[in-house]
2 protein chains.
Amino acid sequence: MGYTPNRIAQGLARRKSGALGLVVPDIESMFYGKIVRYVDDFASRSDYQLILAISNDRQETEQKIIRKFLAQQVEGIIITPVNGPVQNLAFYQELQRQKVPFAFLSSYYAQGIAPCVMADLRQGTQLLTGHLLAQGCRNIYFLTGLPDVTTTLLRVEGFRQALSGRQPGFSDRQLLSCSRVDYADGYDQTIKLLRSGQPADAILAINDEMALGALNAANCLGIRVPDQLAIAGCDNVLFSSTAFIPITTLDQNIAEMCRVMVNCLDEIISQPEKRPGPGDIMPVRLIEPVLIVRNSSQRRI
Amino acid sequence: MGYTPNRIAQGLARRKSGALGLVVPDIESMFYGKIVRYVDDFASRSDYQLILAISNDRQETEQKIIRKFLAQQVEGIIITPVNGPVQNLAFYQELQRQKVPFAFLSSYYAQGIAPCVMADLRQGTQLLTGHLLAQGCRNIYFLTGLPDVTTTLLRVEGFRQALSGRQPGFSDRQLLSCSRVDYADGYDQTIKLLRSGQPADAILAINDEMALGALNAANCLGIRVPDQLAIAGCDNVLFSSTAFIPITTLDQNIAEMCRVMVNCLDEIISQPEKRPGPGDIMPVRLIEPVLIVRNSSQRRI
DNA sequence: TTGAAAGCGTTACCAA
DNA sequence: TTGGTAACGCTTTCAA
């Protein structure tokens with residue numbers, strides 16, 4: 001009859017807020033947009049209220065946010081790590097010691113600190129690179145992120161594995177590391193590469209924005225895609241499918257990733273006795289990515 | 001010394017949660033992504049905690065979310081209306097009667113129910129249309145949203161005003177209304193239009209995704225942009241600047257919009273005695289948009 | 001200035 | 001089963 005209980009008082013009495021905290025580095029990127037969308041989706045299905053906060057890709061901010069979450073009595077925290085080297089690992093180790101229910105999504109700062117759910121980027125990059133090799137590409141350049149970031153390491157490992165035993169094999173020269181990993185980075189690095197006179201016949205980018213930048217750069221210089229230069233991206237967001245030459249990419253299956261994440265955290269929350277602490281096994285659950293082949297890499301050899 | 005107050009208990013005792021609720025129809029779109037980003041930004045600056053919820057473009061969900069917000073004792077609610085006709089106006093009128101601090105952002109369901117901050121879409125569309133006319137276009141087609149949505153009405157009004165007194169003047173035939181207003185809608189409608197044999201020399205779309213769809217459709221049919229067909233979009237998100245022919249668009253100045261919104265709501269919250277109710281003036285604050293001219297509309301006549 | 005006590009709106013427990 | 005009461009962790013008020 002029109003009565004709604006006060007959730008705040010409920011929270012106090014029950015000692016649980018029914019809230020889940022999610023930190024993302026950036027909300028304007030389509031990749032994180034999808035993450036927010038699906039985490040919200042699965043969180044509400046499990047009757048959690050989602051509290052979103054944006055770290056602006058700064059770990060200092062991320063940690064401030066986590067402290068706020070804790071003060072707010074969130075029942076669990078999902079951390080989508082910033083794209084940078086780990087700053088203050090001790091902070092997360094302290095969370096672990098206090099048995100705070102938290103987990104990493106899409107990447108991790110260090111293994112064993114907390115459970116993690118992410119795409120199998122090593123295997124995914126191997127798939128993409130393998131596809132480019134199968135198209136006859138022999139000089140593949142890889143537009144990556146900063147070298148000391150987890151996702152970069154995993155991807156480079158996949159790249160290297162795919163090239164191992166090939167002629168020519170892997171060389172560091174093929175790695176072009178970008179700090180902002182955005183459209184402009186992809187465009188600029190590609191222009192620089194193509195003008196340098198190096199024998200590039202393929203560019204693999206770690207996200208679709210950068211791949212689109214590469215495509216436009218090639219187009220500007222009059223280089224034909226895919227015949228002179230094959231291009232592939234990653235994430236399968238709108239940028240790859242709506243390019244004037246649709247871009248080959250990798251679908252990380254974000255929906256599944258978020259489903260597994262929320263379930264995993266939910267389990268940790270509801271079984272306080274089994275809550276993992278230092279010394280316990282903290283699984284990294286890898287979600288299988290799917291290769292999406294489009295025109296940007298299909299050469300008619 | 002390591003002590004953090006329990007915000008829930010604080011909330012109960014102080015009778016204020018320090019939280020602001022924000023509902024958006026969709027988080028994967030870059031337009032709403034920007035809105036979330038800036039509302040979060042300004043809300044945190046004013047020491048509010050942002051609670052985000054996604055209505056999935058359904059008003060029923062939106063209303064469920066608002067009820068939850070209320071139970072959670074949020075101090076104010078920002079509603080970014082769904083892209084559809086108003087379903088249950090009585091719900092919002094009830095909020096008004098109860099003097100709930102809430103406001104509309106980027107559109108409104110009806111004037112006078114709550115304050116609103118949004119871009120001046122009428123003037124913006126007039127600017128865009130005027131620009132296309134100045135480029136010599138005489139048969140401009142307008143890819144709009146559903147006809148009974150506030151933003152569509154305002155835009156069509158601007159379109160009509162810009163064309164009034166011209167030869168040929170405004171005709172309903174020039175309005176192509178789209179329900180999903182996404183890339184595929186833009187692409188499909190443009191293909192249909194260009195194949196119909198109608199003498200189109202310009203397409204104006206209500207967002208950049210649709211404009212990109214129009215550009216790609218024209219490209220597929222071998223129609224040269226901008227000389228045979230000029231194209232313009234709206235919102236100035238990444239889709240327009242990264243198209244292989246950069247697309248003319250309208251910047252809605254979302255940052256400013258969100259700043260004004262948060263300040264406005266903050267004022268309403270902090271002055272409970274002046275809280276507006278039925279019969280009070282509820283201003284619609286219009287933010288001035290900026291025309292961004294790019295290649296897709298610059299004809300060399 | 002300091003400290004003790006009374007709420008805030010619920011839930012949970014225990015006695016009847 | 002049903003009430004009545006303590007407790008949740010903090011703020012606020014009022015008296016000392």
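Chain letters run A, B, ... following the sequence lines, proteins first, then strands; residues in each count from 1. None of the values given here were measured: they were computed from a predicted structure.
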Minimum-distance nucleotide to A:A9 side chain [options: D:dT12, D:dC10, C:dG9] = C:dG9
inquiry  = Counting neighbours of NZ on B:K16 that are heavy atoms of other residues, nucleotides or ligands and sit closer than 6.0 Å, is the number greater than 12?
reply    = no
request  = Could you state the atom-to-atom distance from CG of B:L12 to P of D:dA7 in whole Å?
outcome  = 17 Å
ask   = Just to confirm, is there a sub-4.0 Å distance from OP1 or OP2 of D:dC10 to any side-chain nitrogen or oxygen of B:Y3?
value = yes
task = Rounded off to whole Å, could you give me the CZ-to-C1' distance for the B:R7 and D:dC10 pair?
result = 12 Å
query = For B:N6 and C:dC8, what is the distance between atoms CG and C1' respectively, to the nearest whole Å?
reply = 13 Å
query = Looking at side-chain heavy atoms only, is the closest gap between B:Q59 and B:F91 below 4.5 Å?
reply = no
query = Looking at the side chain of A:R14, which of C:dA12, D:dC8, C:dT10 is the nearest nucleotide?
reply = C:dA12
request  = Check the distance between D:dA7's P and A:R15's CZ and give it to me in whole angstrom.
outcome  = 12 Å
note = When rounded to whole Å, the CD to P distance for the pair B:Q10 and D:dC10 reads 8 Å
request  = Mind checking the CD1-OG spacing from B:I54 to A:S44? Nearest 0.5 Å is all I need.
outcome  = 8.0 Å
note = Nearest heavy-atom contact between A:D26 and A:Y32 is O-CB, 3.0 Å
